[in-house]
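Note: hydrogens, waters and symmetry copies are ignored here, and every other heavy atom, side chains too, is used. Only a predicted model underlies this, so the values are computations on that prediction, with no experimental measurement involved.
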Amino acid sequence: MLILICLLVMTVGGQAQKPLTSDELFKAARNAAFEEKDDNKAKQLAMQALIQSPQYSEIQVFLGRLYSWHKQYDTAIYHYQKVLAYAPANEEASIAYTDLEYWNDNYDRALSICKDGLTANPTSADLLLRKAKILNALKQYKEASEITNKLLKSNKHNTAALALALSLRDAAVANKIGVSYEYTYFDKQFSQDWHLGSIGYSRYTKMGSVSANVNYANRFGNSGWQGEVDAYPRISKTFYSYVSVGYSPGETVFPTYRAGFSLYANLPRSYEAEAGIRYLNFGSSTYIYTLYLGKYYSNFLFGGRTYITPATGGASQSYSVLARYYFKGADDYIGLTAGSGISPDDRSTSIQYNNKSKLTSRQASLSFNHNLTKVNIISLKAGWINQQYKTDETGNQVNLSIGLQRRF
C-alpha cells in the first residue's frame, strides 16, 4: 500500500510539472495583458511560447503591439519584420506595422508597408482604409477619396470609411461655388416674410478649406448684406479647427460683427467632438459657448449639441440632437434635427440673439442632400420653430431653403 501511494504521488507530481503548450502560454499572456493589466508578465509568457513555437505569428504580432504601447518601437518592429520575413501575407502583421509607422508620422514608410501588405492581401478592407488615411495625411486627397468610395461601394456600412469620406469631401476637389435661398414665414410674430440669399466660393488648401460668402437679407422691412470668411485649418491627424469672421454695415438685418472658433477632434470608434465659442455684436457683445459630440454607426450619424450664453441672472441654454442617414456617400443623406433654443451658427435664427429676453423656443427641421452628378449637389431643407416672442405669447415660423453647389 505504501509503495502504491508513493507511485501515485510521483505520477501526480510529474503531471503537475508538465510544461504548458505554446497555445496555453499565449492564452495566459493575453490574460495577463488584458485582465491583469500586467504587461511585463505578458511579455515573459509570450517569449516562453515563442521558444516552443518560433514561427507562431499571432504571438509575434501580440508582442509587437505590447512593445508599441510602451513606445519600444525598435523591439516592436523586430517582431513585425520577423513575421513578415517568413509569412509575407500575414495581414495582422502588416496592419500592426503600418499603424506603428503611421502614428509616429512616418507616412512614406507606413505607405510602403501598407502597399506590401495589399500586394499579398489586395481585398483587405483594413489595409485599404489605412492606405486612405495615409494618403489623406500626405494630402493626396483624390487617391484617398477613390479608396473610400471603393470601400463604401463594397460595404456601405463601413463606418470608419464613411467618417473618412466625410473629411475628404472638400479635400478631393479643390474648388466649390454655391448659391442658396431661404424663405421664412411667420404666423404671428412678424407681418412680413423674411428672405435670405447667399453666394459663396470655397477652396481646399494644404492647411484646410477656406470659404468666403456674401449674404443678402430682407427682414423687418429692411434690407442688408453681410460678408463672411470661414476656414477649417488642420492641426494633426486627430485635430482640426474652425475659424470664422463676419461683418455687416448695420445691426437690424445681421449682427454688425460675428466671429467663431472651435476645436474638433476625430476620436476612436468613429466618435467626433467639438468645443468652441461664438461672438455676436448688435451694438453690444454676446458670447456663446458650444459643445458637440457625434457618433457614426453603420450609415448613420448621431449627434448632440448645446449652446450656452452667459448673462446676468444666469446663463441661457439651447440643445439639439441630430440623426442623419447616408445613402451613397458624403453628399447623399437625409437628416432630422430637433431641439430647443436658437443657434448662432444658423443664419436664419442668429438675428434673434438681438432680443436680450430669455424667451424659449422649440424647433425641428428636415434636410436632404443629393449628389446630382459627380460635381453638382442640391440641398433642400424645411424647418419649423415655435418661438416665444413675448412673455405670454408664442408664434410659429416655417423656414424653407434650397441650395446648389458645384465642385471643380
Parallel, tilted or perpendicular, as decided by the 30° and 60° cut-offs, for the rings of Phe300 and Phe302: parallel
Salt bridge (charged side-chain N to carboxylate O under 4.0 Å, His left out) contacts touching residues 144-166 (sequence neighbours left out): none
Sidechain N-carboxylate O distance under 4.0 Å for Asp99, Lys133: no
Within 45° cone and under 6.0 Å: Lys295 NZ/CZ vs Tyr271 ring: yes
Modelled atom types, side-chain donor and acceptor of Asn218 and Trp194, under 3.5 Å: no
Residues Tyr183, Tyr185; criterion ring-ring contact (aromatic ring centres under 6.0 Å, His included); working and verdict: CA-CA 7 Å; Tyr183 166 78; Tyr185 163 79; 7.2 Å; no
Aromatic plane relationship, Tyr247 with Trp225 - under 30° parallel, 30 to 60° tilted, over 60° perpendicular: perpendicular
Check against ring-ring contact (aromatic ring centres under 6.0 Å, His included), Tyr204 and Tyr141: CA-CA 10 Å; Tyr204 201 92; Tyr141 304 117; 5.1 Å; yes
Sequence-distant partners of Lys188, salt bridge (Lys or Arg N to Asp or Glu O under 4.0 Å), two or more places apart: none
Arg258/Glu228 salt bridge by N-O under 4.0 Å criterion: yes
Sub-4.5 Å side-chain heavy-atom contact between Glu182 and Arg347: no
Quick one: side chains of residues 54-63, donor-acceptor pairs under 3.5 Å with protein atoms, not counting sequence neighbours, listed by atom name and distance.
from: Tyr56; atom 1: OH; to: Asp23; atom 2: OD1; distance (Å): 2.6
from: Ser57; atom 1: OG; to: Asn90; atom 2: ND2; distance (Å): 3.3
from: Gln60; atom 1: OE1; to: His79; atom 2: ND1; distance (Å): 2.6
from: Gln60; atom 1: NE2; to: Pro54; atom 2: O; distance (Å): 3.3

Glu272 and Tyr292: side chain donor to acceptor below 3.5 Å: yes
Between Asp332 and His370, a side-chain donor and acceptor under 3.5 Å: yes
